[in-house]
Amino acid sequence: MTTHDEKLDELAQESQLPQESVRHPHASYQQTPHQQPTRHLSGTPLKRKLVLGDTDPHDAALHETVLSENRIWDGKIFSVDRLKVAIPTGEESIRDVVRHTGAVAVVGLTDEGYICLVRQYRVALDRVTVEIPAGKLEPGEDPLAAARRELLEETGMEAAHIAYLTTITSSVGFSDELVHIYMATGLHFVASHPDPEEFINVDLVELSDLVDAVLDGQIEDAKTVVGALICDAVGHRLALQETIDVDADAPAVADTPRAATASQEVIDVEEHGRS
């Protein structure tokens, strides 16, 4: 079996870095009694600026190597694969992974500042939930086209503009599902036509009401929480930009890095993914 130090040597050679650069500066491995896995100790938290995953050379020492992968279940919505992996110490472990084609979700905002929410019974929770419109991607389907389709199917709304907001993972610990979230504006009602097995009611709610419910812990659905908070943040940044534009004689505000960064990020959000 490959030892941990041998594994670090391999990673160092692959990344062309010395072994001490591959290991996190505060991490260590603790030897345990015979036949017990070696324990990884993360050590003292490292204070620094945000470094995204897999962009830090030390992340290489955290990777697992897939030794085998077998499909153990196929379902209507997702499948499950069982993976045998080699963990950083060289020992072997099992990972069950849910495979999913991905999904889209839409924050639909009316000109009056109301957000489209769907009410739907979720059998997994045995109750009705309140969510932003969303749906599964068909294999090879363009997420932007899927966002327009789901918004129309579930709410009957067509959008003049759709902008990309972000992508989230539904449950990173065991699923590869990615949910692409969009903001739709310039809405007008046509007619809804949900799937035959979907039973949905649609509400138009003030965005501030939804944000309050999220902050009070009353909305559990992850995509709805993220969509509401991003939308609220964009709204505040737009308001900030309007204040800067009106009060052009206040350089102390306009020249702050926070104001400049916020206005640029608003522009980026509006322009990226615009149809």
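Because the structure is a prediction, the values reported are computed rather than measured. Worth knowing before you read on, the calculation uses all heavy atoms, side chains too, and leaves out hydrogens, waters and symmetry mates.
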Would you mind listing every side-chain hydrogen bond (donor to acceptor under 3.5 Å, both in side chains) that reaches into residues 201-217, with sequence neighbours excluded? Arg119-Asp203
Pairs in or reaching into residues 134-143: which pass side-chain hydrogen bond (donor to acceptor under 3.5 Å, both in side chains), with residues at least two apart or in two chains? Glu141-Arg149
Main-chain N/O of [Y] paired with [X] side-chain donor or acceptor, under 3.5 Å:
X: Thr224; Y: Ile132; result: yes
X: Thr101; Y: Leu137; result: yes
X: Asp176; Y: His100; result: yes
X: Arg82; Y: Ile94; result: no

Are any non-hydrogen side-chain atoms of [X] and [Y] less than 4.5 angstrom apart?
X: Lys84; Y: Ser68; value: yes
X: Val97; Y: Leu83; value: yes
X: Thr155; Y: Ser192; value: no

Looking only at heavy atoms, what is the nearest atom pair of [X] and [Y], with distance?
X: Cys116; Y: Met157; answer: SG-CG, 4.1 Å
X: Ala147; Y: Val106; answer: O-CG2, 3.5 Å
X: Val225; Y: Ile219; answer: CG2-O, 3.3 Å
X: Ala159; Y: Arg148; answer: O-NH1, 3.0 Å
X: Val214; Y: Ala228; answer: CG2-CB, 4.1 Å

Distance in Å, [X] [atom1] paired with [Y] [atom2], rounded so as to fall on 0.5 Å steps:
X: Leu210; Y: Leu117; atom1: CG; atom2: CG; value: 5.5 Å
X: Asp81; Y: Trp73; atom1: CG; atom2: CH2; value: 12.0 Å
X: His180; Y: Thr167; atom1: NE2; atom2: OG1; value: 5.0 Å

Glu198: what forms a side-chain contact (heavy atoms from CB on, under 4.5 Å) with it, not counting sequence neighbours? Gln120, Glu154, Pro194, Asp195, Ile200
Pairing residues for Asp232 by the salt bridge (charged side-chain N to carboxylate O under 4.0 Å, His left out) criterion, not counting sequence neighbours: none
Please name all residues satisfying ring pair (Phe, Tyr, Trp, His ring centres under 6.0 Å) with Phe174, sequence neighbours left out, ordered by chain then number. none
Quick one: do Leu151 and Leu187 satisfy side-chain contact (heavy atoms from CB on, under 4.5 Å)? Show the steps, please. CA-CA 10 Å; Leu151 180 65; Leu187 304 183; 4.0 Å; yes
Glu69 bridged to Arg99 by N-O distance under 4.0 Å: yes
Salt-bridge test for Glu177 and Lys223: reply yes if a basic N is under 4.0 Å from a carboxylate O, no otherwise. no
Between Val205 and Val211, is there shared hydrophobic-cluster membership here, with clusters defined by ILVMFWY side-chain heavy atoms closer than 4.5 Å? yes
Contacts of Ser175 that satisfy side chain to side chain donor-acceptor pair (under 3.5 Å) - sequence neighbours left out: none
Can Leu207 and Cys231 be said to form a side-chain contact (heavy atoms from CB on, under 4.5 Å), step by step? CA-CA 8 Å; Leu207 177 61; Cys231 195; 3.7 Å; yes
